[in-house]
J.: 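Dropping a structure here in C-alpha cells format, bear with me for questions.
We name chains A, B, ... by the order of the sequence lines, and we start the count at 1 in each one.
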2 protein chains.
Amino acid sequence: MVRNDAVPTVRDVAQLAGVSPGTVSKALNGQGQLREETRQRVLDAAEKLRFQPNRVARSLSEGRTYTVGMLTSDSFGRFTLPLMEGIEDSLGAGQVSTLLCDGRGDPLRERHYITELLNRRVDGIVVTGRRPDARRTVGRLPIPVVYALCRSDDPGDLTVTMDDEQGARLAVEHLAALGRTRLAYVSGPQHHLSTRLRQQGFERAAAGAGVEVADVLLGHWSEAWGRTAAGLLARRPEGARVDGVFCGSDQIARGLTDGLREAGVRVPVEVSVVGFDNWDVMVEAARPTLTTVDPGLVRLGRESASRLLTAIDGGEPGQGVVALPCRLVLRGSSVPT
Amino acid sequence: MVRNDAVPTVRDVAQLAGVSPGTVSKALNGQGQLREETRQRVLDAAEKLRFQPNRVARSLSEGRTYTVGMLTSDSFGRFTLPLMEGIEDSLGAGQVSTLLCDGRGDPLRERHYITELLNRRVDGIVVTGRRPDARRTVGRLPIPVVYALCRSDDPGDLTVTMDDEQGARLAVEHLAALGRTRLAYVSGPQHHLSTRLRQQGFERAAAGAGVEVADVLLGHWSEAWGRTAAGLLARRPEGARVDGVFCGSDQIARGLTDGLREAGVRVPVEVSVVGFDNWDVMVEAARPTLTTVDPGLVRLGRESASRLLTAIDGGEPGQGVVALPCRLVLRGSSVPT
DNA sequence: GTGAAAGCGCTAACAC
DNA sequence: GTGTTAGCGCTTTCAC
C-alpha cells in the first residue's frame, strides 16, 4: 500500500528511479559525476513524485540554513521598509530567506533574539534601525553581521549607510546652480548624527560654491517644526532674506513650504526649498511638490545584503562605514519657472 | 584535548552530567520522569557549557519548526508594519519566529514563496496585504493559513480584518452626538472594498441617527483629493452646507482640513472632520489635529497570529471573516470648543 | 559512475 | 528513573 498522503523523500525518488538516495542527492544538486541518462531518470522521478527537498534536513546536514536574520535595534518603520525590500531582493536571488526580529529598542529583547537566531543557525545577520545614528555593536558573533542604515560603534564591523554629507552637498550645489546665494539649513535635533553630517555637508558645499550660510535652525523632524521655521525665516529683515532652504527631512520641508506660503512667501519663486528622504507621501502632498535628496534605501538594503552574502560565502565584505551616495530628485519646490 | 571552539551538543552535556543524551533532552524539555537531582545536574552541566539547543536538529526530529511565514500579496507598507508588530508580539510569546516573504503583487513570486515556505516546513502562514480588499486564496495547504487585514475570497479560509462598517458608524455617531446634522462622506476609489463598506456604515448610521447624508464624494486616497473635495464642499449653496465630514482616510481628512481652512471654513467650529487610520504622521501634522477612527492594526496582527497558533496546536481557529471593531480617537478636528 | 554507510543534533519509544 | 536505540531527511565521504 502506497502512502499517497505522505510527502515524498529522496528515498522515494531513489526507489522510483532505481538508484540510491545518494545518487538522487547528486543528481538534484548537480554534484559529483553522473551519467546523463541517470541524472535524467532521477529528475523525471522527482518530477513525477512532485518531490520537494526538505530544507530542514538539508540545513542540518549541510550546516547551513540559507536563512539570515534581520534585526532592528529600534523597530521596523518607514525607513526600514524600503531597506527590507532591498535586502529581500538580494537574498531572494540567493535562495536565502529572512527571519524577522524586532528589537523594539530593548537591549534584552535584542540579546534574546540574537541567541535565538544563532540557535536557529542563521547564516548571517543584518542589523538595522530607523535612523543612521550609531548604535552599540551586537558584538563578535560566530557568523557574519552587516549593519544597514544604522551604524555600529565598532569600527571592525561593516556598516552600509547613506552618505548624509554628500546628500547635503547635492542639495546646496543645486541651490547654488539656481543662483541662490543666501541659504538656510532647517533640520532635526542636534543630537542626531544625520542632522550634524548634513549640516557639515551643507556648510562645506556652501563655502565651496561661494554662497552665504544665512541661518541654521535645528528642531524636530516634524511638519510643525518646518512651519515654525518658516515663520522665523519669513520674519528676517528685508535685506537678510534667505532665497534657498535645505531641509533635513521631507516632513520639515513640507511644513516649511506650507508655512512660507501662508506667510505670503512664494515657493519656488522667492525661495527654493529642498528636502531629504524622497518620501512619497510628503513629497507629493506638498505644494509645490518637493525637490529632495533620495538616500536610495532600497539600493542600500540590496548592497548590505549582497555584502552579507559575500561574507557568508567566505568572501571579504569590507569593514568600517560604507556610505552610499544619495541622488537629487527634482520637483517643483526648487526651480522657479 | 577539549575542543573549546566547538558548539556544545546534547552529547557534551550528557557526558559532563554523567547521563545519556536522552536524559538531557528530557531534563531540558521537562519531559518524562526524572529525579529532581538528575535534572538539576543536567541543568548545571548545560549552564556550565553554555549549551544552546540546535533548533534545526530539533525541528527535523520534532517535525515542527516553530516558524511561520508572513506572506504579503502586494508588498510591505505602512499598513503592514503595525500588523507585523502585532504578529511578532503573539508569535514571540510562543517562541515562534517569522519568515518574511514579499509577494510584490506577483502571483508567480507568491507561488514560489509558498513552496519555499512549505519546503522549510513552517508551521503556518499569515497572508497579509496593504488593504482589506479581497484577494485570491492561496489554496488548500497542508498547514494552517490565516489572512490578516486582506480577505481571502474562499469562505473556508479564516480572515481577520477590521470592521470598516462599524468604524464608519463610530464616526457618524460621534458627529451626530456633536449635533451635526448634514454630513458628507469623502473617500477613496469606489472599487476599494473599504470605500464601500465605510460608505455603508456611514449611510446606515446616518439613517439611524436621523442625520442627513448631504454628499458622498469618492476619489483617491490622497491629500490632493481631500483638498479638492474641500473645494467642492465649500462651494455648496448657503443653505446646503455640510457641518460634518467623515473621511475614508487620514490623508484625505488632512487634505480636507487644509482645503477648508484655505477656503475660509473654520474646523471644527463650522465643520467637524473625522478621519480613518489614526496614522500619526497625518493626524499630528493636520491643523487642527485629527479626530479619527483607529482600526487597531497591532491588535489585528496579534489576533490573527494567536489564531494561527491555535490552529497549529490542533485547535479550531474559526473560519470566514472575523471583523475586529475599530476605536474612535478624539482630537481637535471634530469637537468645537 | 554508483551504492553503501555514516553522520548532522536532536527527540521519542521502548527496554531495563 | 535512566540508558539504549532508532530515526527525522538530507549530504557526503569512500569503497567498488
J.: Has the side chain of B:E88 got a donor or acceptor atom that lies under 3.5 Å from a matching backbone atom of A:D102?
T.: yes
J.: Which residues pass the side-chain contact (heavy atoms from CB on, under 4.5 Å) test with B:S152, sequence neighbours left out?
T.: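 B:S152 satisfies side-chain contact (heavy atoms from CB on, under 4.5 Å) with B:T137, B:Y147, B:D154, B:D157, B:T159 only.
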J.: For B:D163, which residues count as a salt bridge (Lys or Arg N to Asp or Glu O under 4.0 Å) partner, sequence neighbours excluded?
T.: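 Salt bridge (Lys or Arg N to Asp or Glu O under 4.0 Å) check on B:D163 returns nothing, list empty.
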J.: What residues, two or more places apart in sequence or in another chain, satisfy salt bridge (Lys or Arg N to Asp or Glu O under 4.0 Å) together with B:E47?
T.: none
J.: Whether B:R35 contacts D:dG1 is assessed here as follows: a side-chain N or O lying under 4.0 Å from the phosphate OP1 or OP2. Is that the case?
T.: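 The answer is no; no side-chain N or O of B:R35 sits under 4.0 Å from OP1 or OP2.
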J.: Please name all residues satisfying salt bridge (Lys or Arg N to Asp or Glu O under 4.0 Å) with A:R50, sequence neighbours left out, ordered by chain then number.
T.: none
J.: Among residues 112-125 of chain A, which contact DNA chain C at a heavy-atom distance under 4.0 Å?
T.: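 DNA chain C contact set from residues 112-125 of chain A: none.
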J.: Do other residues, nucleotides or ligands put more than 12 heavy atoms under 6.0 Å from the CD atom of B:E62?
T.: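 Yes - once you tally the heavy atoms of other residues, nucleotides and ligands closer than 6.0 Å, there are more than 12.
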J.: Could you tell me which residues satisfy side chain to side chain donor-acceptor pair (under 3.5 Å) with A:D313, sequence neighbours excluded, listed by chain and number?
T.: A:R64
J.: Counting only pairs under 3.5 Å, give me each side-chain donor-acceptor contact of residues 77-86 of chain B, with atom names and distances, residues two or more places apart or in other chains.
T.:
residue, atom, partner, partner atom, Å
B:R78, NH2, B:Q251, OE1, 3.4
B:T80, OG1, B:G77, N, 2.5
B:T80, OG1, B:G77, O, 2.9

J.: Does a salt bridge link B:E116 with B:R120, judged by any charged N lying under 4.0 Å from a carboxylate O?
T.: yes
J.: Does any N or O in the side chain of B:T310 come within less than 3.5 Å of the main-chain N or O of B:P317, such that one atom is a donor and the other an acceptor?
T.: no
J.: Please enumerate all protein N or O atoms sitting under 3.5 Å from an N or O of nucleotides 12-14 of chain D, with distances to 0.1 Å.
T.:
none

J.: So if I take the C1' atoms of five pairs at each end of the helix from C:dG1-D:dC16 to C:dC16-D:dG1 and get each local axis, what angle do the two axes make, rounded to 10 degrees?
T.: 50°
J.: List the residues meeting salt bridge (Lys or Arg N to Asp or Glu O under 4.0 Å) with A:R136, not counting sequence neighbours, and say none if there are none.
T.: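 A:R136 satisfies salt bridge (Lys or Arg N to Asp or Glu O under 4.0 Å) with no other residue.
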J.: Without swapping roles, check the side chain of B:R39 against the backbone of B:V24 for a donor-acceptor pair under 3.5 Å.
T.: no
J.: Identify the 5'-most and 3'-most nucleotides of DNA chain C with at least one atom closer than 4.0 Å to a non-hydrogen atom of chain A.
T.: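 Nucleotide range in contact with chain A: C:dG1 to C:dG9.
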J.: May I ask you to say what B:T38 touches in the nucleic acid, namely base, sugar-phosphate or nothing, with a heavy-atom cut-off under 4.0 Å?
T.: sugar-phosphate
J.: Identify, residue by residue, the members of residues 9-20 of chain A with a heavy atom below 4.0 Å from DNA chain C, and return them in order of residue number, or none.
T.: A:G18, A:V19, A:S20
